[in-house]
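Take a look at the structure below.
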Amino acid sequence: MDDCLFCKIAERDIPCEKVYEDQDVLAFLDIHPINPGHTLVIPKKHAADISALTRADFERLMGCVHALAPIVKKAVQADGINIGMNNGGAAGQLVFHAHLHIIPRYQNDGFRHWHGNPYGNGEIRAVAEKIRSAVAN
Ligand code: AMP
Ligand code: ZN
């Protein structure tokens, strides 16, 4: 797609620090990492976010993430790994070409998880029912 940063990286119009590539998927280092080794895994074919990916596309991406995460962890001697995907501006997506983050983590590295908020009275069941009925349809 014209004017998509990650399409340009996939097409090699913009350079990247590639760590893995196959026919469908490219993995390269995030230029603004949470920790060194922070890796992005993208489909070569443009899709804006998870809802634009087929199940097969997503499974290929996740297969790559599954294989790479322990390799990245070992290579940078991390204590743990976060896997993340931001979908939509409200979720923090900045580049609208689907991608997964493999984020090496260290004890006390200062990166903070989100804080959860408690449900109101009866709210958890109502929300679960909303989702269950959407799943059923
Ligand atoms: P997201 O918020 O999930 O859309 O994340 C986009 C990520 O892309 C950010 O973590 C950026 O640091 C990263 N990024 C932006 N431009 C580049 C680039 N040219 N090469 C590698 N990573 C990039
Ligand atoms: Zn793209």
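Whatever order the structure lists them in is the order used to number ligands and atoms, beginning at 1. Sequential numbering from 1 along the given sequence is applied to the chain's residues. Computed over heavy atoms, backbone and side chain alike; hydrogens, waters and symmetry mates excluded.
With the Zn ion (ligand 2) as the vertex, ND1 of H46 and ND1 of H97 span 110° to the nearest 10°. Between the SG atom of C7 and the SG atom of C4, the angle taken at the Zn ion (ligand 2) works out to 120° after rounding to 10°.
Taking NE2 of H38 as the reference point, atom CD1 of I81 lies at 10.0 Å (rounded to 0.5 Å).
The closest side-chain heavy-atom distance from L26 to R12 is below 4.5 Å.
For the residues I31, D30, L40, the heavy atom positioned nearest atom 20 (N) of ligand 1 is part of I31.
Counting heavy atoms under 4.0 Å from ligand 1, residue L5 touches it through the side chain alone. With a heavy-atom cut-off of 4.0 Å, H99 touches ligand 1 through its side chain alone. If you look at F96 next to ligand 1, there are no close heavy atoms at all, none under 4.0 Å.
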List the steps and the verdict of side-chain contact (heavy atoms from CB on, under 4.5 Å) for I102 and I83.
-> CA-CA 5 Å; I102 299 174; I83 305 299; 4.1 Å; yes
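A distance-only check finds a donor-acceptor pair linking the side chain of N35 to the backbone of P104 [under 3.5 Å]. No donor-acceptor pair under 3.5 Å is formed between the side chain of R112 and the backbone N or O of G110. Not one N or O on the side chain of H97 forms a donor-acceptor pair closer than 3.5 Å with the backbone of K44. At least one donor-acceptor pair closer than 3.5 Å links the side chain of D79 to the backbone N or O of Q107. Between the side chain of H101 and the backbone N or O of H99 there is no donor-acceptor pair closer than 3.5 Å. At least one donor-acceptor pair under 3.5 Å links the side chain of R105 to the backbone N or O of F111.
Atom numbering of ligand 1 starts at 1 in the shown order; those under 4.0 Å from a heavy atom of G92 are 1 (P), 2 (O). Atoms of ligand 1 lying under 4.0 Å from at least one heavy atom of L29, given by number and element, are 21 (C). Counting atoms of ligand 1 from 1 in the listed order, those under 4.0 Å from a heavy atom of N86 are 1 (P), 2 (O), 3 (O). Residue F6 approaches ligand 1 through these ligand atoms, each under 4.0 Å from one of its heavy atoms: 8 (O).
At under 3.5 Å, a nitrogen or oxygen of V95, whether backbone or side chain, sits near a nitrogen or oxygen of ligand 1. At least one N or O atom of L94 sits closer than 3.5 Å to an N or O atom of ligand 1. Of the N or O atoms in H101, one or more lie within a sub-3.5 Å distance of an N or O in ligand 1.
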